[in-house]
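Worth knowing before you read on, the calculation uses all heavy atoms, side chains too, and leaves out hydrogens, waters and symmetry mates. Position 1 is the first residue of the sequence; numbering continues from there.
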Amino acid sequence: MIILGIDPGIVTTGFGVIRRAHGTLTYLASGTICSDSGDGLPTRLRTLFDGVAHITQTYTPDCAAIEKVFVNVNPQSTLLLGQARGALICALVNANLPVAEYTALQLKQAVVGYGRASKKQMQEMVGRLLNLKDEPNADAADALGMAICHAHSLHALTTLTGLAPQLVKR
């Protein structure tokens, strides 16, 4: 199974692609999609949409995971982030991908084991979990972490689903 993780941002959106096979996670790709702050909002959203469309065509993921919006101190920043997420989710749905959403707390707990982990801790742990030579940048690390979080969640759900018939028979 190929999983695409997305760390949304209006200026810089991180992406990470991993493969989960036989309980092993393998790094495939990561990077960022950047929009030009000099462009108008519609153009920036189109850049994000097109970037994700290109990634889904290139890596043909089976599913995607994206970070949920948090409420920021600055309402304008929160609104822009929500619009970026909307464009990104539309691109994922347009590629016929099931989309899961996780909070930053869930992401950090799944990857680092601590919900208030720093960016540096996320980068280090993602690098270790995927056996990377170099640490990915912060946006790509969060996106790879999102894919890892989803891989762990899928594994847990599969395990629980496998146990369900046994529990019902009792």
Side-chain angles (χ1 to χ4, degrees), residues 1-21 24-72 74-111 119 122-123 126 129-130 132 136-158 160-161:
M1 171 176 285
I2 297 175
I3 304 169
L4 169 60
I6 301 286
D7 178 37
I10 191 68
V11 176
T12 305
T13 288
F15 73 90
V17 186
I18 64 170
R19 174 178 283 121
R20 180 177 171 257
T24 301
L25 301 178
T26 306
Y27 171 87
L28 297 180
S30 65
T32 56
I33 305 164
C34 298
S35 69
D36 188 344
S37 59
D39 289 336
L41 181 61
T43 302
R44 295 173 83 183
L45 296 175
R46 177 66 184 250
T47 298
L48 297 177
F49 184 97
D50 289 347
V52 169
H54 176 72
I55 292 162
T56 60
Q57 291 170 355
T58 303
Y59 297 101
T60 60
D62 299 297
C63 57
I66 189 167
E67 188 172 338
K68 285 184 182 177
V69 172
F70 61 92
V71 177
N72 199 336
N74 181 342
Q76 182 65 23
S77 295
T78 302
L79 181 60
L80 287 172
L81 180 57
Q83 291 173 314
R85 277 186 83 249
L88 295 162
I89 290 171
C90 284
L92 296 169
V93 171
N94 193 53
N96 296 313
L97 294 176
V99 180
E101 300 175 279
Y102 300 95
T103 65
L105 180 68
Q106 290 171 312
L107 163 67
K108 291 174 180 182
Q109 285 177 334
V111 175
K119 290 275 190 189
M122 279 291 296
Q123 288 172 280
V126 165
L129 290 172
L130 297 175
L132 303 177
N137 70 47
D139 295 306
D142 283 352
L144 286 165
M146 189 59 57
I148 292 167
C149 176
H150 191 55
H152 291 328
S153 294
L154 286 173
H155 177 71
L157 286 173
T158 302
L160 289 173
T161 302

(request) Could you tell me which residues satisfy ring pair (Phe, Tyr, Trp, His ring centres under 6.0 Å) with Phe49, sequence neighbours excluded, listed by chain and number? (result) none
(request) Let me see the working for Leu144 and Leu129 under side-chain contact (heavy atoms from CB on, under 4.5 Å), right down to the final yes or no. (result) CA-CA 10 Å; Leu144 286 165; Leu129 290 172; over 6 Å; no
(message) Could you check whether any side-chain heavy atom of Glu101 comes within less than 4.5 Å of a side-chain heavy atom of Ile89, counting everything from C-beta outward?
(response) yes
(request) Please report the closest heavy-atom contact between Lys68 and Thr103, naming both atoms and the distance. (result) CD-CG2, 3.9 Å
(request) Hey, could you give me the CZ/OG1 distance between Arg44 and Thr47, rounded to the nearest 0.5 Å? (result) 9.0 Å
(message) Is any side-chain heavy atom of Val111 closer than 4.5 Å to one of Met122?
(response) yes
(message) Does any part of the side chain of Val99, heavy atoms only, come nearer than 4.5 Å to the side chain of Ile6, both counted from C-beta?
(response) no
(request) May I ask you to decide if His152's main-chain N or O and Arg20's side chain share a donor-acceptor pair within less than 3.5 Å? (result) no
(request) Find the distance between CG (Leu45) and OG (Ser35) and round it off to the nearest 0.5 Å. (result) 8.0 Å
(request) Any chance you could measure Leu107, atom CG, to Ile66, atom CD1, to the nearest 0.5 Å? (result) 12.5 Å
(request) Flag the pair Asp7 / Thr12 as yes when at least one side-chain heavy-atom distance between them is below 4.5 Å, and no otherwise. (result) no
(request) Please confirm whether the backbone N or O of Thr13 pairs with a side-chain atom of Asp139, one donor and one acceptor, at under 3.5 Å? (result) no
(request) Determine the minimum heavy-atom distance between Gly16 and Ala147, stating which atoms define it. (result) O-CB, 4.2 Å
(request) Check Ala64 against Leu97 and note the closest heavy-atom contact, atom names and distance. (result) CB-CD1, 4.3 Å
(request) Mind checking the OG1-CG spacing from Thr26 to Leu28? Nearest 0.5 Å is all I need. (result) 7.0 Å
(message) Measuring from atom CG of Asp36 to atom OG1 of Thr43, what distance do you get when rounded to the nearest 0.5 angstrom?
(response) 9.5 Å
(message) Within the structure provided, determine whether Leu48 and Val52 are in side-chain contact (heavy-atom separation under 4.5 Å).
(response) no
(message) Please check: side-chain N/O of Thr60 versus main-chain N/O of Thr56, any donor-acceptor pairing under 3.5 Å?
(response) no
(request) Quickly, which of Gln123, Lys119, Lys108 forms a side-chain hydrogen bond (donor to acceptor under 3.5 Å, both in side chains) with Asp142? Name it, please. (result) Lys119
(request) Of all the heavy-atom pairs spanning Pro136 and Val126, show the shortest one and how long it is. (result) CG-CG1, 4.2 Å
(message) I'd like to check Met146 versus Leu4 (side-chain heavy atoms, cut-off strictly below 4.5 Å). Are they in contact?
(response) no
(request) Taking all non-hydrogen atoms of both residues into account, name the closest pair between Ile18 and Ala151 and its distance. (result) CD1-CB, 4.3 Å
(message) Could you measure the distance from the CE atom of Met1 to the SG atom of Cys63? Nearest 0.5 Å is fine.
(response) 4.5 Å
(request) State, yes or no, whether a side-chain contact exists between Leu25 and Ile3 at a heavy-atom distance under 4.5 Å. (result) no
(message) Within the 4.5 Å heavy-atom criterion, are Leu132 and Tyr27 side-chain neighbours or not?
(response) yes
